[in-house]
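A short worksheet on the structure shown next.
As the structure is a computational prediction, the values presented were derived from the model and not from experiment. Every number for a ligand or one of its atoms is a count from 1 in the order of the listing.
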Amino acid sequence: MKNGLEDVVAAETQLSDVNGEAGQLVIRGVSLDRLVEYARYEDVALLLLDGLLEERLDRDSLCLRLGQMRKEVFSHIGAIDDDLLHLPPVDIMRALIARLADGDDLDTALRLLAAPAVFLPAILRLKRGETPIAPTPSLSQSADILTMLSAAVPGAVQVAALDTYLVTISDHGLNASTFASRVIASTKAGLTSSVVAALSALKGPLHGGAPGPVLDMLDAVGTKDNAARWLGRALDRGERLMGFGHRIYRVRDPRADALKGALTQMIAAGQVDRDRIGLAEAVEQSALAILKERKPGRPLDVNVEFYTALLLDALTFPRDAFTGVFAIGRTIGWIAHAREQSLEGRLIRPRSVYVGPLPKAA
Ligand code: ACO
């Protein structure tokens with residue numbers, strides 16, 4: 001029995017490869033550092049879906065139909081009543097996505113890609129007491145998300161930063177939410193069911209729920225000078241430092257550098273608070289030093305969540321929405337894996353070892 005299924009191979013995939021020793025992520029044959037140089041969200045959607053659905057699309061028709069789907073799913077925001085609005089954003093998204101029709105076709109896939117991108121900005125505006133803004137189908141997915149969020153036309157640097165984020169987190173091997181998506185797909189339940197299950201797995205703090213707590217940690221540290229002392233005390237209390245450590249990576253998470261690159265562009269454009277970045281850098285350096293000292297047997301480096309927190313904060317997403325933005329990007333990976341599993345895999349049905357009491361002899 002392997003607790004946590006560590007090192008257990010449970011699927012063959014052509015979608016992504018995570019090399020934890022080398023710190024490399026490959027998505028359908030393209031290394032992440034290369035991918036973020038040229039690819040927009042729509043490019044990665046095409047790359048990941050290629051050959052997995054009966055209907056094929058070129059880039060222009062994908063943009064067109066995705067834009068139309070954003071318009072279609074916007075009609076569902078009327079379902080957000082007062083009870084729903086009190087829940088965390090990611091739970092409202094899950095409830096709204098669960099209302100969508102199930103299926104395995106291209107329309108279902110595009111609807112599921114459009115849904116979180118439309119729902120999250122609308123939810124955030126409603127929570128602020130503002131009217132949701134309808135999507136603009138002619139915009140790219142990233143530009144439309146930022147427009148629906150703020151009602152202002154976003155700058156090119158901001159759109160590029162969000163694109164980099166969505167590309168960077170689009171797929172990542174057999175992580176917990178992707179595995180959940182494949183388990184559901186193996187029963188032939190449909191893409192919507194897979195995505196709802198995956199989103200439920202993503203929201204946990206050990207998976208996609210960590211970037212908000214990264215900012216909480218930075219707030220608690222407060223100043224650069226306090227970093228080493230605060231982090232040391234947190235470890236004394238047995239706490240984990242948010243944004244550090246990974247099940248697979250034994251070196252720096254390559255996604256952290258991709259996001260740091262986008263953040264650097266935003267800093268150059270004067271769109272990030274320099275004090276915040278200075279504090280984050282001091283916390284990163286102190287955390288790496290103290291983790292090396294306290295956990296000498298376990299290489300612990302920065303993970304994707306650390307720079308996600310800084311980037312999404314700079315893009316004005318509130319911290320309780322970070323997991324929802326993660327879901328916007330990762331939905332394409334969940335859909336591709338669900339289709340791959342459905343086309344090539346078997347029903348996923350592992351065994352357990354019974355360690356409970358035995359029945360009493362009669
Ligand atoms: N801070 C302090 N200690 C840590 C951290 C951390 N962030 N991460 C791991 N450790 C320590 C553990 O305490 C443990 O030490 P021990 O052997 O002395 O008990 C050792 O490293 C191994 O920890 P595991 O729990 O076995 O490592 P696992 O691979 O299960 O954990 C995880 C990976 C959950 C991401 C972990 O590193 C963690 O909790 N990090 C903080 C939360 C976080 O950043 N989550 C986002 C992950 S990225 C993503 O999923 C998208």
If you count the atoms of ligand 1 from 1 in the order shown, which ones are under 4.0 Å from a heavy atom of [X]?
X	value
Pro205	45 (N)
Gly245	35 (C), 37 (O)
Val304	51 (C)
Glu305	46 (C), 48 (S), 49 (C), 51 (C)

| message | What I want to know is whether Met242 and ligand 1 share at least one N or O pair that is separated by under 3.5 angstrom. | response |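 No; the residue has no nitrogen or oxygen that sits under 3.5 Å from a nitrogen or oxygen of the ligand.
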| Proximal candidate to atom 8 (N) of ligand 1 [heavy atom criterion; set Val214, Ile169, Leu300] |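 Heavy atom nearest to atom 8 (N) of ligand 1 belongs to Leu300.
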| request: Counting heavy atoms only, name the option from Arg330, Arg294, Arg247, Lys295 that's nearest to atom 3 (N) of ligand 1. | output: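 Minimum heavy-atom distance to atom 3 (N) of ligand 1 goes to Lys295.
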| query | Ring centres of Phe306 and Phe244 under 6.0 Å apart? | reply |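 Ring-ring flag for Phe306/Phe244: true, centres closer than 6.0 Å.
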| query | Excluding sequence neighbours, so at least two apart, what forms side-chain contact (heavy atoms from CB on, under 4.5 Å) with Ala98? | reply |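 In terms of side-chain contact (heavy atoms from CB on, under 4.5 Å), with neighbours along the sequence ignored, Ala98 is linked to Val196.
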| query | Do Asp104 side-chain atoms and Gly190 backbone N/O form a donor-acceptor pair below 3.5 Å? | reply |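 Not at all, since once roles are kept as given, no pair shorter than 3.5 Å links the two residues.
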| query | Between Ser61 and Leu57, is there a donor-acceptor pair closer than 3.5 Å when you use the side chain of the first and the backbone of the second? | reply |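 No.
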Close approach of [X] to ligand 1, heavy atoms, under 4.0 angstrom:
X	result
Gly208	no
Leu235	yes
Gly297	no

Which is it for [X] and ligand 1 at heavy atoms under 4.0 Å: side chain, backbone, both or neither?
X	answer
Arg240	both
Asn175	neither
Leu291	side chain

| Between Arg59 and Asp43, does at least one N-O distance fall below 4.0 Å, as a salt bridge requires? |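 The answer is yes: the pair qualifies as a salt bridge.
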| Salt bridge Arg255-Asp33, side-chain N to carboxylate O under 4.0 Å |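 Answer for the salt bridge query: no.
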| request: May I ask you to check whether over 12 heavy atoms, not counting those of Arg128, lie within 6.0 Å of atom CZ? | output: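 It does: Arg128 CZ has more than 12 such atoms within range.
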| Using the ring of each side chain (for Trp, its six-membered ring), is His172 parallel, tilted or perpendicular to His246, with breaks at 30° and 60°? |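 Geometry flag for His246 against His172: perpendicular rings.
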Less than 3.5 Å apart, which donor and acceptor atoms pair up between the side chains of residues 81-89 and the rest of the protein, not counting sequence neighbours?
unit_1 : atom_1 : unit_2 : atom_2 : d
Asp81  : OD1    : Asp83  : N      : 3.3
Asp81  : OD1    : Leu84  : N      : 2.9
His86  : ND1    : Asp82  : O      : 2.7

